[in-house]
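Working notes, structure below.
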Amino acid sequence: MTEDSMAGDFMTGDFMTGDFMAGDFDVGADWHVAAPYPFLARLREQAPVFRSEHLGAYVLTRYADVRAAYGDPRRFSSKGSLTISRSLTRETREKLGEHGSFLSSFVANVDPPDHTRLRRSVSKAFTPRAVSAMEQQFRRLNEELLDRLAPSGHADFVREIGHEPSVKLTARFIGVPEADEAFVQARVKDWFQLFLSPQPPARQLELAGSFLTYLDYVDRLVAARAKDPQDDFTSLMTSLIGDELTHREVVELISTILLGGNDTVPNQLGNTVLRLLREGAWPVPPELVANASEECMRIDGASLGSFRYAADDVTLHGVTIPRGALVLLSTDSAAHDGTVFPDPDRFVIDRPNAAEHLVFGYGIHFCVGAALGRLQLRTALEVLGRRLPGLRLAPGQDISYRRSIVGRGLTSLRVDW
């Protein structure tokens, strides 16, 4: 059977038999985020370039293809790739106005030369020295949280443990006053739901209002730092307006970094703790924490992939992706590619090449905050393992995930100790 004929059979769902009947990416289905691996394995084997009707995009699923696409911005363009909002109604788009194309100038959403300029500016705040200085601050935030919670003997890890230290560290890094942390966290959650999770029309309008309020808040924060600079990221970026950056670029940079600290990093910690508890690997020995972190990011990544646009016709495995087509680079699938990670669905705490996952991207768009994200995950595991060595899953709970196109995060996780 040729690759073309296999792809045709897959797209009609002819080979999807047995217990696993899903024929396309379906973010409304529980399996899509929680356990997509049988589906993705079949894609890698039989349709490595898959046209998803649900996403309106082609999907690359093999590690080699995903990595190559990340490293080839001339053929797989990032321009406009984060402003995907196909599910928004006309009323929602009208309410958002110009902000419906939010992130149009964010560093991960542009190509060189704009990307080169933006990344150079952002990197000034993520020097090794600056990241190292944040480690002690993050460690202290975790210790203070556990000082309060440890006597209770139980908690919802997602709501009470996983988010607070990262939220506070990110707020202090950006320059968000402590009194505004809860406001920002709620608005960031609404932003994620609006653009990256399917919502009914009425809910879209509600979330759009929240999103506009959030943008107004960040805009006012930038204006305030322009008048009265402080020792924070917002002030550093604001000082570059006119020379290296525009006002809108600074607003988008700040808004997106707040998303990472309020959502992506805490989600990864929750996924990681659940995996370690299920595998009987808690607490992690200190000498294995770094590699265990990488293996958890590989097998349960909080980020599932990135979108690109084909800058020209691209032919892979007998399938031609037409110029202008939307393409999903599935890092989730790549991380379970057995040609790179033997026995990929098995957790191996000391897997030699665990860090070769693509959760942070690859090439010129490798996440500028990757070092900080890794530091936070390692530090949290070290502190939690030492303070709560008896951590265990509370009995009688159903594990569920948020429904999302590109992110994996638990809705709750009850734990005892």
Side-chain angles (χ1 to χ4, degrees), residues 1-12 24-25 40 42-88 100-120 122 195-196 249 252 256 303-335 337 339-340 356-368 405-406:
M1 181 178 287
T2 66
E3 288 179 328
D4 284 338
S5 62
M6 285 191 293
D9 285 345
F10 183 89
M11 290 183 192
T12 60
D24 198 351
F25 282 70
L40 294 174
R42 290 172 180 173
L43 285 181
R44 287 193 301 274
E45 180 182 355
Q46 301 188 31
V49 182
F50 170 58
R51 167 64 184 174
S52 167
E53 295 300 327
H54 182 87
L55 296 178
Y58 289 81
V59 184
L60 304 188
T61 55
R62 291 181 180 174
Y63 183 96
D65 294 332
V66 171
R67 187 175 185 268
Y70 268 117
D72 190 357
R74 289 179 299 177
R75 291 201 303 167
F76 294 93
S77 173
S78 296
K79 189 173 182 179
S81 63
L82 293 181
T83 53
I84 313 267
S85 54
R86 295 171 179 266
S87 64
L88 298 184
S101 61
F102 183 67
L103 296 179
S104 61
S105 56
F106 177 58
V107 64
N109 203 32
V110 295
D111 293 326
D114 285 338
H115 171 269
T116 306
R117 171 179 57 83
L118 289 166
R119 189 177 179 92
R120 181 175 60 243
V122 177
F195 288 106
L196 299 174
E249 287 170 346
E252 295 190 356
T256 311
S303 175
L304 306 182
S306 302
F307 284 100
R308 295 289 187 270
Y309 281 104
D312 206 342
D313 289 354
V314 179
T315 300
L316 288 172
H317 308 294
V319 177
T320 297
I321 304 172
R323 179 179 181 179
L326 188 63
V327 183
L328 173 62
L329 311 185
S330 178
T331 56
D332 199 32
S333 177
D337 190 329
T339 66
V340 179
E356 292 180 19
H357 62 76
L358 301 171
V359 166
F360 294 112
Y362 177 76
I364 65 170
H365 286 287
F366 184 77
C367 178
V368 71
I405 298 172
V406 293

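- The heavy-atom pair separating E356 from V340 by the smallest distance is OE1-CG1, 4.1 Å.
- Between Y309 and L326, the closest side-chain pair of non-hydrogen atoms falls below 4.5 Å.
- Side-chain atoms of D24 come within 3.5 Å of backbone atoms of H54 as a donor-acceptor pair (strictly under, hydrogens ignored).
- Nearest heavy atom pair, residue S52 against residue F25, reads OG-CB, 4.0 Å.
- Between D313 and R323, the shortest heavy-atom contact is OD1-N, 2.8 Å.
- For the atom pair CD1 of I321 and CZ of R51, the computed distance is 10.5 Å after rounding to the nearest 0.5 Å.
- No side-chain heavy atom of V314 sits less than 4.5 Å from a side-chain heavy atom of V49.
- Rounding to the nearest 0.5 Å gives a distance of 11.5 Å between CG of D65 and CG of D72.
- Contact between P322 and A310 at its shortest, heavy atoms only, is O-CB, 3.6 Å.
- Inspection of the S78 and R308 side chains reveals an N or O donor paired with an N or O acceptor under 3.5 Å.
- Nearest heavy atom pair, residue S306 against residue Y70, reads OG-OH, 2.8 Å.
- When only modelled atom types and interatomic distance are considered, T331 and Y362 share no side-chain donor-acceptor pair under 3.5 Å.
- To the nearest 0.5 Å, atom OG1 of residue T61 and atom CZ of residue R42 are 13.5 Å apart.
- A distance of 9.5 Å separates CG in L329 from CZ in F307, rounded to the nearest 0.5 Å.
- Across all non-hydrogen atoms, the minimal contact from R74 to A311 is O-CB, 3.1 Å.
- Judged purely by atom type and a 3.5 angstrom limit, D312 has no side-chain atom pairing as donor or acceptor with the backbone of R75.
- The closest donor-acceptor contact from the side chain of R44 to the backbone of S333 lies under 3.5 Å.
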Please lay out, stage by stage, how L328 and Y58 fare under the test side-chain contact (heavy atoms from CB on, under 4.5 Å). CA-CA 6 Å; L328 173 62; Y58 289 81; over 6 Å; no
